[in-house]
Engineer: 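Can you keep this structure in mind? I'll have questions shortly.
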2 protein chains.
Amino acid sequence: MPTIKDIAKAAGVSPASVSRVINNGPKVGAKTREKIKRIMREMQYQPNANAQAINVQNNASIGIVLADLTDPLFAKMAHGIEKIAVQKDLQIFLNSGAFDRTSELNAIEVLLEHRYKALVVHSAMIDDKTLIEYARKIPGLVLLNRHIREIENRCIWLDDKLGGALMADHIIEQGHKKIVVIGVDGIQNNTRQRLEGIKAQLAKYPVHYEIEMLEQGAATYEGGEIAVQNILARGMEFSAILAYNDAIAVGAVSMLKAHGLSVPSDVSVMGFNNLILAQCMKPKLTTIHNPIEDMAMKATELALRLSKGDSAEQLEFRPDEHKYIPELIVRQSVQKIG
Amino acid sequence: MPTIKDIAKAAGVSPASVSRVINNGPKVGAKTREKIKRIMREMQYQPNANAQAINVQNNASIGIVLADLTDPLFAKMAHGIEKIAVQKDLQIFLNSGAFDRTSELNAIEVLLEHRYKALVVHSAMIDDKTLIEYARKIPGLVLLNRHIREIENRCIWLDDKLGGALMADHIIEQGHKKIVVIGVDGIQNNTRQRLEGIKAQLAKYPVHYEIEMLEQGAATYEGGEIAVQNILARGMEFSAILAYNDAIAVGAVSMLKAHGLSVPSDVSVMGFNNLILAQCMKPKLTTIHNPIEDMAMKATELALRLSKGDSAEQLEFRPDEHKYIPELIVRQSVQKIG
DNA sequence: TTGAAAGCGCTACCAT
DNA sequence: ATGGTAGCGCTTTCAA
């Protein structure tokens with residue numbers, strides 16, 4: 001693999017000139033430039049990005065950490081980030097945390113060791129305190145899909161409380177009084193926020209509601225099946241299920257059917273996120289739209305801006321630009337009762 | 001940001017010793033080691049991966065290129081690759097090609113510039129010739145989900161012909177004679193292979209079949225909807241649709257319904273890949289299982305092995321270890337007719 | 001416009 | 001067990 005020196009020698013010039021050509025720098029004569037280019041092509045020269053990175057401060061690419069590659073929401077985030085990257089002609093380097101605290105931390109560390117300056121981090125398992133420290137230490141770090149008050153100017157998040165409220169409102173309007181919420185465990189506070197939103201909203205109505213919270217492991221189809229099995233096994237009474245996401249909702253519907261309960265005539269079910277899944281389901285899933293792709297784009301732009309030197313504090317902080325609004329999507333999985 | 005020299009100075013030792021400690025090397029006294037470790041912690045030392053990479057030949061991490069982050073099949077690939085990475089305690093760096101030839105090429109180049117030695121490439125848009133050149137040039141490059149005869153010892157692929165044959169067999173057994181195949185355009189030869197498989201299989205039966213091939217853009221839900229619209233607009237007659245993947249199939253089902261045709265009583269539909277989507281659908285989708293996760297794991301292991309110096313030619317090539325077998329999954333979207 | 005040379009942060013060899 | 005030091009491939013002054 002030829003180095004810059006080999007090229008220089010072959011072209012009869014100095015390494016400095018070759019470097020200038022590589023970087024499209026000025027101060028190289030036209031014919032010299034052409035000659036060097038030709039030789040580079042002939043010798044199949046390939047710059048060594050590591051050597052370049054060691055010299056220049058600035059690693060322009062964007063480093064991203066995603067909690068879980070298997071989450072379908074991931075695809076949307078990745079897509080949003082990618083859009084910005086393509087638009088600005090930047091590279092993205094993705095590291096996955098596999099939904100595990102240690103891996104997530106490791107993913108961040110690796111990116112830091114490679115001296116990425118703009119970091120979009122979607123962490124589900126790292127605690128607030130640690131993330132705050134990171135944020136303080138790394139100017140270009142932005143948290144996607146997470147809200148930590150102390151560093152909220154560095155966060156892009158969904159108004160989960162509102163999301164919960166929207167769910168509650170809809171389900172109340174349809175006359176439901178015995179409600180089961182299926183959340184997920186882990187550090188993620190989306191679950192808690194939404195539950196708060198749900199409860200707060202219920203409290204506004206002058207009726208007594210029974211609400212059960214069920215936190216179980218996986219935010220997946222299988223997770224939804226298991227959750228419903230548990231609910232049924234416990235003999236709970238309920239007419240509605242509010243699921244943490246669409247996949248859980250779909251799994252729940254399937255397990256309900258397996259037990260002879262049909263949706264929405266026997267049980268109403270709501271999902272969250274409004275992924276494709278929700279609209280191909282039968283019955284089509286009533287859910288909450290999550291503008292995660294927009295959020296990802298915003299987070300990327302922010303990370304890029306911050307990494308360019310504008311400190312977060314200098315940027316005026318407008319909460320409405322950081323907090324995104326969920327929306328109720330009414331379809332067919334909720335039915336009016338009593 | 002402190003360097004190795006700063007640490008050495010602060011600890012009153014030489015950079016060499018610090019380097020040894022960083023790399024858990026031998027030949028450092030216990031107390032010296034502890035002292036250096038302490039100082040590193042105190043000064044928040046963070047190794048510079050670029051500087052490290054410039055010295056050691058070997059970039060142990062795995063570079064991966066994926067054609068499209070938004071393809072749900074992607075999640076499975078990524079997951080498979082990740083499994084191996086975690087197991088071997090290696091980092092993965094992912095670059096996306098956004099389903100565009102130039103981006104895919106660029107993604108590979110960037111990885112090469114960073115001197116990644118093990119490359120798992122899932123390219124949909126780069127032509128055979130270019131990939132062959134890359135494979136020849138880069139010992140650790142493996143192609144995932146693609147079969148190029150000239151370098152098949154460097155490919156991990158699905159037997160798409162068999163996949164097509166399985167579809168054909170099933171649909172024939174159910175008595176269908178007018179069949180529409182929905183493929184996708186682009187360089188991808190999966191479509192062609194499957195079509196070949198379908199046709200070859202049909203030819204074995206002593207009956208006349210009408211088969212229409214429709215290549216349209218997106219391998220998505222929306223793509224499926226559009227395809228069915230086109231089929232209907234052209235006034236084609238058909239009793240069965242064989243879709244390129246589950247998403248298309250689901251979109252097709254939805255559009256059929258919108259036109260008053262129900263599945264499977266009016267039209268039978270088959271998907272491909274057997275993603276979660278296929279089993280939450282109503283009717284549950286009859287489809288072909290694609291063991292893409294296993295394939296991804298295999299590709300990663302192979303890339304790793306090749307990058308370690310065993311040249312591909314030395315490794316005995318056992319086709320059955322490179323060619324994966326699809327499987328028919330019978331559910332509810334295909335019905336027996338006349 | 002061009003070249004010489006001093007680093008960038010780290011590793012690894014050779015001494016001690 | 002430790003230190004000195006010559007690179008790794010590249011960029012970037014500073015001189016010419």
Engineer: Enumerate the residue pairs fulfilling ring-ring contact (aromatic ring centres under 6.0 Å, His included) with a member in residues 102-121 of chain B, sequence neighbours excluded, ordered by first and then second residue.
Structural biologist: A:Phe93-B:His114, B:Phe93-B:Tyr116
Engineer: Going by heavy atoms in the side chains, are A:Val21 and A:Thr32 under 4.5 Å from each other?
Structural biologist: no
Engineer: Please enumerate all residues that pass side chain to side chain donor-acceptor pair (under 3.5 Å) together with B:Arg33, with sequence neighbours excluded.
Structural biologist: none
Engineer: May I ask you to list the residues of residues 33-41 of chain B, by number, that have any heavy atom positioned under 4.0 Å from an atom of DNA chain D?
Structural biologist: none
Engineer: Given axes from five pairs at either end, by how many degrees does the helix from C:dT1-D:dA16 to C:dT16-D:dA1 bend, rounded to 10°?
Structural biologist: 40°
Engineer: Below the 4.0 Å mark, does C:dT11 have OP1 or OP2 next to a side-chain nitrogen or oxygen of B:Gln52?
Structural biologist: yes
Engineer: Applying side chain to side chain contact (heavy atoms under 4.5 Å, CB included), name anything that partners B:Ser14, two or more places apart in sequence or on another chain.
Structural biologist: B:Ala16, B:Ser17
Engineer: Does anything in residues 42-51 of chain A reach DNA chain D, meaning a heavy atom under 4.0 Å, and if so which residues?
Structural biologist: A:Tyr45, A:Pro47, A:Asn48, A:Ala51
Engineer: Which residues pass the side chain to side chain donor-acceptor pair (under 3.5 Å) test with A:His322, sequence neighbours left out?
Structural biologist: none
Engineer: For the side chain of A:Glu152 and the backbone of A:Pro319, is there at least one donor-acceptor N/O pair under 3.5 Å apart?
Structural biologist: no
Engineer: Please answer whether the main-chain N or O of B:Leu143 pairs with a side-chain N or O of B:Arg154 as donor and acceptor at a distance below 3.5 Å.
Structural biologist: no
Engineer: Who are the side chain to side chain contact (heavy atoms under 4.5 Å, CB included) partners of B:Asn55, not counting sequence neighbours?
Structural biologist: none
Engineer: How long is the line joining CG of B:Asn55 and C1' of C:dT11, in whole Å?
Structural biologist: 4 Å
Engineer: Find out whether A:Ile126 and A:Ile108 are in side-chain contact, i.e. whether some heavy atom of one side chain is under 4.5 Å from a heavy atom of the other.
Structural biologist: yes
Engineer: Heavy atoms within less than 4.0 Å of DNA chain D: which residues of residues 4-27 of chain B have one? Give them sorted by number.
Structural biologist: B:Gly12, B:Val13, B:Ser14, B:Ala16, B:Ser17, B:Arg20, B:Lys27
Engineer: Less than 4.5 Å apart, side chain to side chain, heavy atoms only: is that true for A:Asn106 and B:Gln91?
Structural biologist: yes
Engineer: Tell me if the NZ atom of A:Lys5 is crowded by more than 12 foreign heavy atoms within 6.0 Å.
Structural biologist: no
Engineer: Along DNA chain D, 5' to 3', what are the outermost nucleotides having an atom less than 4.0 Å from a heavy atom of chain A?
Structural biologist: D:dG9 to D:dT13
Engineer: Can we say B:Arg38 and B:Glu42 salt-bridge, meaning some charged N sits less than 4.0 Å from an Asp/Glu carboxylate O?
Structural biologist: yes
Engineer: List the atom pairs, donor and acceptor, that lie under 3.5 Å between side-chain atoms in residues 75-82 of chain B and the rest of the protein, sequence neighbours left out.
Structural biologist:
| from | atom 1 | to | atom 2 | distance (Å) |
| --- | --- | --- | --- | --- |
| B:His79 | ND1 | B:Glu293 | OE2 | 3.2 |
| B:Glu82 | OE2 | A:Ser96 | OG | 2.2 |

Engineer: Using a 3.5 Å cut-off and no angle test, enumerate the donor-acceptor pairs between side-chain atoms of residues 297-304 of chain B and protein atoms at least two apart in sequence or in another chain.
Structural biologist:
| from | atom 1 | to | atom 2 | distance (Å) |
| --- | --- | --- | --- | --- |
| B:Lys298 | NZ | B:Glu321 | OE1 | 3.2 |
| B:Thr300 | OG1 | B:Ala296 | O | 2.7 |

Engineer: Under the 3.5 angstrom rule, does the side chain of A:Asn23 hit a backbone N or O of A:Ser19 as a donor-acceptor pair?
Structural biologist: yes
